[in-house]
Amino acid sequence: MRNRLNQFMAGRYGNDPLNRFLSIVVLVLIVINFILSRWLPPLLTTLIFWLSLIGLVMVYVRMLSRNFPKRRKENHKFMEAKYKVTSHFRLMKERWTQRKDYKFFRCPACRTPLRVPRGKGKINIVCKKCGNSFQGKT
């Protein structure tokens with residue numbers, strides 16, 4: 001049986017991070033629809049049902065597709081968008097853990113984030129990107 005499945009999937013795109021994300025979104029929509037169907041208006045439950053069905057079809061179409069370049073391009077765009085979101089939260093977490101040792105400033109000219117050690121008093125800060133100099137209290 002497993003050999004048959006492997007033969008069927010040979011030459012097909014398979015699963016990737018975008019498909020996993022879409023699967024989770026579909027599962028969440030189905031659970032929301034199941035739990036809240038009693039309290040939501042019928043039009044909204046129907047809309048959620050159709051959205052989850054369309055998402056499920058998209059997952060299977062992507063998984064069984066033989067158009068590798070197009071699927072890779074879609075996944076690449078998803079990964080870029082995901083990186084933008086996760087990098088913002090990663091930066092916030094990093095700053096939070098370093099808050100006792102460093103003070104963070106933004107360059108007034110180019111808006112580049114700068115990190116300066118705490119406890120140095122009033123110092124002159126020079127932006128490494130644009131060379132702008134400004135005063136800051138650490």
Drop me the distance from [X]'s [atom1] to [Y]'s [atom2], to the nearest 0.5 angstrom.
X: Cys110; Y: Lys128; atom1: SG; atom2: NZ; answer: 13.0 Å
X: Phe49; Y: Leu29; atom1: CZ; atom2: CG; answer: 12.0 Å
X: Ser52; Y: Leu22; atom1: OG; atom2: CG; answer: 12.5 Å
X: Lys137; Y: Lys122; atom1: NZ; atom2: NZ; answer: 8.5 Å
X: His76; Y: Arg72; atom1: NE2; atom2: CZ; answer: 12.5 Å
X: Met63; Y: Asn15; atom1: CE; atom2: CG; answer: 4.5 Å

Looking at every non-hydrogen atom in both residues, tell me the closest pair between [X] and [Y] and how far apart they are.
X: Pro117; Y: Thr138; result: O-CB, 3.5 Å
X: Gly14; Y: Asn19; result: O-ND2, 3.5 Å
X: Ile125; Y: Gly136; result: CD1-CA, 4.0 Å
X: Arg118; Y: Lys103; result: CG-N, 3.8 Å
X: Thr45; Y: Ser37; result: CG2-CA, 3.7 Å

Do other residues, nucleotides or ligands put more than 12 heavy atoms under 6.0 Å from the [atom1] atom of [X]?
X: Leu5; atom1: CG; value: yes
X: Phe68; atom1: CZ; value: yes
X: Phe104; atom1: CZ; value: yes

Consider only side-chain heavy atoms of I, L, V, M, F, W and Y, link residues closer than 4.5 Å, and tell whether [X] and [Y] are in one cluster.
X: Leu51; Y: Phe21; answer: yes
X: Phe89; Y: Ile24; answer: no
X: Phe78; Y: Val26; answer: no
X: Leu53; Y: Ile48; answer: no
X: Val25; Y: Met79; answer: yes

Would you check if the side chain of [X] reaches a backbone N or O of [Y] as a donor-acceptor pair within less than 3.5 Å?
X: Arg62; Y: Arg71; answer: yes
X: Arg106; Y: Arg111; answer: yes
X: Thr112; Y: Cys107; answer: no

Parallel, tilted or perpendicular: which one describes the rings of Phe105 and Phe134, with boundaries at 30° and 60°? perpendicular

Report yes if some heavy atom in the side chain of [X] is under 4.5 Å from a heavy atom in the side chain of [Y]; otherwise report no.
X: Ile123; Y: Gln135; result: no
X: Leu36; Y: Leu44; result: no
X: Arg95; Y: Tyr102; result: no

Evaluate Asn75 against Tyr13 for side chain to side chain contact (heavy atoms under 4.5 Å, CB included), listing each step before the verdict. CA-CA 11 Å; Asn75 189 48; Tyr13 189 66; 4.0 Å; yes

